[in-house]
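In this text, all values refer to a predicted model and were calculated from it rather than measured experimentally. The first residue in the sequence is number 1, and the count goes up from there.
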Amino acid sequence: MRSETVTKGVERAPHRSLFNALGMTEEEMRRPLIGIVSSQNDIVPGHMNLDKIVEAVKIGVAMAGGTPIVFPAIAVCDGIAMGHQGMKYSLVTRELIADSTEAMAMAHAFDALVMVPNCDKNVPGLLMAAARVNIPTIFVSGGPMLAGKVDGEKTSLSTMFEAVGAYAAGKMTLEKVQEYEQKACPTCGSCSGMYTANSMNCLTEVLGMGLKGNGTIPAVYSARIQLAKKAGMQIMELLKNDIRPRDIMTEDAFMNALAVDMALGCSTNSMLHLPAIAHEAGVDLNLDIANEISARTPNLCHLAPAGHAYIEELDEAGGVYAVMNELDKKGLIHKELMTCTGKTVGENISGCVNRNPNIIRPVETPFSETGGIAVLKGNLAPESCVVKRSAVVPEMMKHEGPARVFDCEEDAIDAIKSGKIVAGDVVVIRYEGPKGGPGMREMLSPTSAIAGMGLGSSVALITDGRFSGASRGASIGHVSPEAAVGGNIALVEEGDRIKIDITQNTIDFVVTDEELERRRAAWKPRTPRVTTGYLARYAEMVTSGNRGAVLEIKKSDR
């Protein structure tokens with residue numbers, strides 16, 4: 001056991017004295033030390049219940065013969081951070097979470113880990129740490145929020161943001177906005193649609209790092225507590241059999257994740273996080289393959305914001321395993337892979353039937369024959385950009401219009417809410433990428449304002465930033481290279497004609513090669529917006545969105 005390096009032998013007597021100071025008994029010191037990474041805090045609704053999940057995990061670990069030891073991980077609430085400078089600190093926490101978890105796990109010689117995350121950057125950050133540390137690890141999330149209800153219709157956080165846009169357009173009263181405010185988010189848990197948190201919790205299950213139901217059992221259900229106890233017990237089996245994250249998160253496991261991503265219609269943020277997790281696992285996940293997988297993978301689910309169904313209904317319909325079983329009918333799932341259950345993917349999904357074909361469409365009658373996410377390329381995004389195709393209305397799958405160019409999110413929001421954006425426009429928000437932001441802010445406020453003002457079927461939005469999983473419409477993000485490094489998005493001018501064809505995976509602006517070169521020669525880098533603290537260090541080290549916005553150490557000139 002790794003922990004014997006701090007618990008065994010006379011030379012470790014000083015170490016044991018510190019364990020004694022913790023109130024630990026000799027019996028506890030002789031057992032495997034299991035680190036439990038708790039993301040609980042009192043500011044994130046998806047994390048306020050994690051103390052109960054952690055206690056259940058501790059019971060499970062102890063029942064199975066381990067010694068549970070809890071340590072923390074930070075988490076930002078993207079909804080609260082949205083639309084102001086706080087959003088610069090969202091994506092960047094992914095690296096802080098991975099780094100700090102690595103530091104704690106290595107410094108204290110834990111034998112195994114149980115990760116207890118729930119929301120947006122917390123899940124991928126801990127998956128990155130798991131791959132990096134590579135000791136037996138299992139995940140159990142805090143679970144999704146139940147949907148709200150207004151006027152007999154289910155609702156969620158994305159409806160809330162769009163209500164603000166509707167109010168700005170004079171289409172909703174202040175009293176109605178306040179009613180939504182009180183009812184949109186009725187319970188603890190990760191926000192109730194197929195947004196980033198739930199996308200990543202579902203994909204954790206697909207990757208084989210979480211037990212059945214990890215992504216879909218609602219936070220307030222007692223079954224979530226039972227799942228946490230089972231995860232605590234199961235980590236002892238993983239330790240006994242020395243099954244590690246890199247044994248589970250193989251290249252084929254990431255292919256499974258991409259396929260299910262397409263079927264579920266996950267958040268575009270998954271196209272940032274999966275490559276970053278794969279990078280830590282030693283797998284090169286080139287997003288060029290995403291369109292190949294999408295071309296053969298049907299979109300089976302239209303969960304909010306793409307439709308009016310929620311994670312609780314996906315759970316009732318059979319959950320992630322039922323979706324995988326549908327995809328397996330077309331041979332789209334690698335079934336021989338090991339998972340945290342100690343069984344293969346095929347053994348896990350066997351017999352998991354689709355109980356509601358309205359929520360999980362059968363592969364014979366999908367919402368579309370192609371997947372929910374598309375990667376676009378063209379002279380506006382020579383390396384790539386990403387759109388949640390399943391949340392785009394048919395009339396916007398092809399669109400051409402004049403560029404309305406803004407160098408920050410705030411200026412774009414002001415223009416949208418003051419009525420300066422009209423049907424047919426293409427809103428371009430740049431210098432919001434990983435380096436330029438810095439931090440690659442989500443653009444839920446402008447996309448929601450567009451939708452709320454009734455322009456969702458006639459206006460596109462393009463950015464080198466990114467989108468919340470709650471965004472819908474022709475919202476195209478992760479444009480690479482970004483503006484801050486001289487990407488072509490920096491060279492777009494007001495009024496340029498932009499052509500988008502999601503059906504053909506292309507995105508271009510109409511400009512001659514000669515004019516493009518003239519603009520490039522005239523372009524000058526912007527003065528960094530942030531020059532001190534963590535954001536400045538992050539901007540120095542971060543790579544582009546198409547590479548997962550991972551951090552890289554600059555090679556020495558020596």
Side-chain angles (χ1 to χ4, degrees), residues 1-40 50-51 53-74 95-117 122 125-140 209 228-249 277 279-282 338 340 342 534 537 551 553 556:
M1 294 191 302
R2 282 162 46 93
S3 61
E4 289 181 351
T5 62
V6 294
T7 61
K8 199 168 185 179
V10 67
E11 69 278 7
R12 299 307 185 206
H15 302 66
R16 289 194 297 276
S17 73
L18 294 170
F19 283 115
N20 287 331
L22 290 170
M24 196 175 289
T25 65
E26 291 181 12
E27 291 80 3
E28 287 175 299
M29 282 184 252
R30 286 198 293 267
R31 294 176 176 180
L33 302 185
I34 310 300
I36 302 174
V37 187
S38 171
S39 303
Q40 194 276 333
L50 294 190
D51 54 344
I53 302 297
V54 167
E55 284 303 312
V57 171
K58 289 172 67 177
I59 290 170
V61 168
M63 286 170 60
T67 297
I69 302 174
V70 179
F71 65 89
I74 64 168
E95 270 54 42
L96 285 176
I97 291 161
D99 290 350
S100 59
T101 301
E102 174 196 359
M104 289 294 287
M106 299 305 292
H108 300 103
F110 289 110
D111 295 299
L113 297 171
V114 182
M115 307 293 200
V116 187
N122 196 244
L126 291 181
L127 282 165
M128 290 165 69
R132 192 185 300 173
V133 175
N134 201 35
I135 60 176
T137 303
I138 196 169
F139 278 66
V140 55
M209 292 297 293
K229 291 177 182 175
K230 289 176 182 176
M233 291 186 280
Q234 184 59 25
I235 191 59
M236 301 306 295
E237 289 299 310
L238 294 175
L239 178 60
K240 175 183 173 183
N241 295 304
D242 195 29
I243 299 174
R244 302 177 181 230
R246 291 194 183 193
D247 299 325
I248 295 170
M249 289 193 284
I277 299 160
H279 176 75
E280 296 291 353
M338 180 51 61
C340 70
Y534 175 54
R537 297 197 305 274
L551 301 187
I553 300 171
S556 172

Is any side-chain heavy atom of [X] closer than 4.5 Å to a side-chain heavy atom of [Y]?
| X | Y | result |
| --- | --- | --- |
| M24 | I69 | yes |
| F19 | T7 | yes |
| V116 | I36 | yes |
| E95 | M128 | yes |
| V70 | K58 | yes |
| I97 | N122 | yes |
| I277 | M249 | yes |
| P117 | S39 | yes |

May I ask you to decide if [Y]'s main-chain N or O and [X]'s side chain share a donor-acceptor pair within less than 3.5 Å?
| X | Y | answer |
| --- | --- | --- |
| R244 | N134 | yes |
| D51 | Q40 | no |
| R2 | M106 | no |
| S17 | H15 | no |
| R246 | A130 | no |
| R31 | T67 | no |
| D111 | I34 | no |
| E28 | T25 | yes |

Restricting to non-hydrogen atoms, name the atom on [X] and the atom on [Y] that form the minimum distance, rounded to 0.1 Å.
| X | Y | answer |
| --- | --- | --- |
| A98 | A129 | O-CB, 3.7 Å |
| V37 | A73 | CG1-CB, 3.7 Å |
| M1 | P32 | SD-CG, 3.5 Å |
| I59 | K229 | CD1-CE, 4.4 Å |

Could you go step by step and tell me if L96 and Y534 meet the side-chain contact (heavy atoms from CB on, under 4.5 Å) rule? CA-CA 10 Å; L96 285 176; Y534 175 54; 3.5 Å; yes

Look up atom [atom1] in [X] and atom [atom2] in [Y], then write down how far apart they are to the nearest 0.5 Å.
| X | Y | atom1 | atom2 | result |
| --- | --- | --- | --- | --- |
| L239 | I135 | CG | CD1 | 8.5 Å |
| I235 | K240 | CD1 | NZ | 14.0 Å |
| E55 | S38 | CD | OG | 9.5 Å |
| L551 | H279 | CG | NE2 | 9.0 Å |

Evaluate the criterion side-chain contact (heavy atoms from CB on, under 4.5 Å) for residue pair M209 and L127; output intermediate values, then yes/no. CA-CA 8 Å; M209 292 297 293; L127 282 165; 4.1 Å; yes

Show your reasoning for whether side-chain contact (heavy atoms from CB on, under 4.5 Å) applies to T101 and M115. CA-CA 10 Å; T101 301; M115 307 293 200; 3.9 Å; yes

Would you say E11 has more than 12 foreign heavy atoms packed within less than 6.0 Å of its CD? yes

For M338 and I243, run side-chain contact (heavy atoms from CB on, under 4.5 Å): C-alpha distance rounded to whole Å, both residues' side-chain angles, the deciding distance at 0.1 Å, then the answer. CA-CA 9 Å; M338 180 51 61; I243 299 174; 4.0 Å; yes

Partner of P136 under side chain to side chain contact (heavy atoms under 4.5 Å, CB included), picked from N241, I248, D247, L238, is L238

Lys/Arg N to Asp/Glu carboxylate O, R132 vs D99, below 4.0 Å: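 Looking at R132 and D99, the cut-off is met.
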
